[in-house]
Amino acid sequence: MDINKEKTVQKLISMPRELAKEISNYQYDNRLPSEAEAEAVRRLIKIGLEKKK
């Protein structure tokens with residue numbers, strides 16, 4: 001997949017192992033492929049932000 005660098009920002013984050021495990025579980029439960037971990041993180045962030053509204 002090509003990344004549009006004009007519209008995309010990359011962030012490197014650290015997190016507790018338990019949180020990383022929860023993200024992996026979300027990814028598995030939603031049948032996202034193993035290489036789509038970043039997509040799982042994006043979805044969870046979007047869900048959290050929408051819920052906050």
Side-chain angles (χ1 to χ4, degrees):
M1 168 175 33
D2 289 333
I3 296 174
N4 182 336
K5 294 185 184 227
E6 291 181 14
K7 295 183 179 182
T8 304
V9 176
Q10 291 183 322
K11 299 285 184 178
L12 175 64
I13 61 168
S14 298
M15 66 184 75
R17 289 183 188 275
E18 185 58 36
L19 180 56
K21 184 175 171 115
E22 289 182 55
I23 293 168
S24 293
N25 290 341
Y26 173 87
Q27 180 181 353
Y28 178 81
D29 293 344
N30 288 275
R31 293 171 174 62
L32 295 170
S34 59
E35 65 275 3
E37 188 171 32
E39 179 60 26
V41 172
R42 282 190 290 272
R43 287 183 186 188
L44 288 166
I45 290 170
K46 189 170 183 174
I47 289 167
L49 291 171
E50 288 176 0
K51 188 172 184 177
K52 187 176 178 182
K53 290 179 185 178

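Note that the structure is predicted; figures quoted are calculated from it, not measured. Each residue takes its place number in the sequence, starting with 1. Computation of the quantities below employed the complete heavy-atom set of this structure, encompassing side-chain atoms and omitting hydrogens, waters and symmetry-equivalent molecules.
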Asker: Quick one: do Leu19 and Leu32 end up in the same hydrophobic cluster if we chain Ile, Leu, Val, Met, Phe, Trp and Tyr together by side-chain heavy atoms under 4.5 Å apart?
Answerer: yes
Asker: Does Lys53 pair with Glu50 as a salt bridge, N-O distance under 4.0 Å?
Answerer: no
Asker: Assigning hydrophobic clusters by single linkage (Ile, Leu, Val, Met, Phe, Trp, Tyr; side-chain heavy-atom cutoff under 4.5 Å), is Ile47 placed with Ile13?
Answerer: yes
Asker: Is it true that atom CD of Glu35 has more than 12 heavy atoms of other residues, nucleotides or ligands lying nearer than 6.0 Å?
Answerer: yes
Asker: Before you tell me yes or no, could you show the steps for Arg42 and Glu39 under salt bridge (charged side-chain N to carboxylate O under 4.0 Å, His left out), namely the whole-Å CA-CA distance, both residues' side-chain angles and the distance that decides it to 0.1 Å?
Answerer: CA-CA 5 Å; Arg42 282 190 290 272; Glu39 179 60 26; 3.2 Å; yes
Asker: Indicate yes or no: at least one non-hydrogen side-chain atom of Glu22 is less than 4.5 angstrom from one of Leu44.
Answerer: no
Asker: On a heavy-atom basis, which atom in Gln27 and which in Pro33 lie closest, and how many Å separate them?
Answerer: NE2-O, 2.7 Å
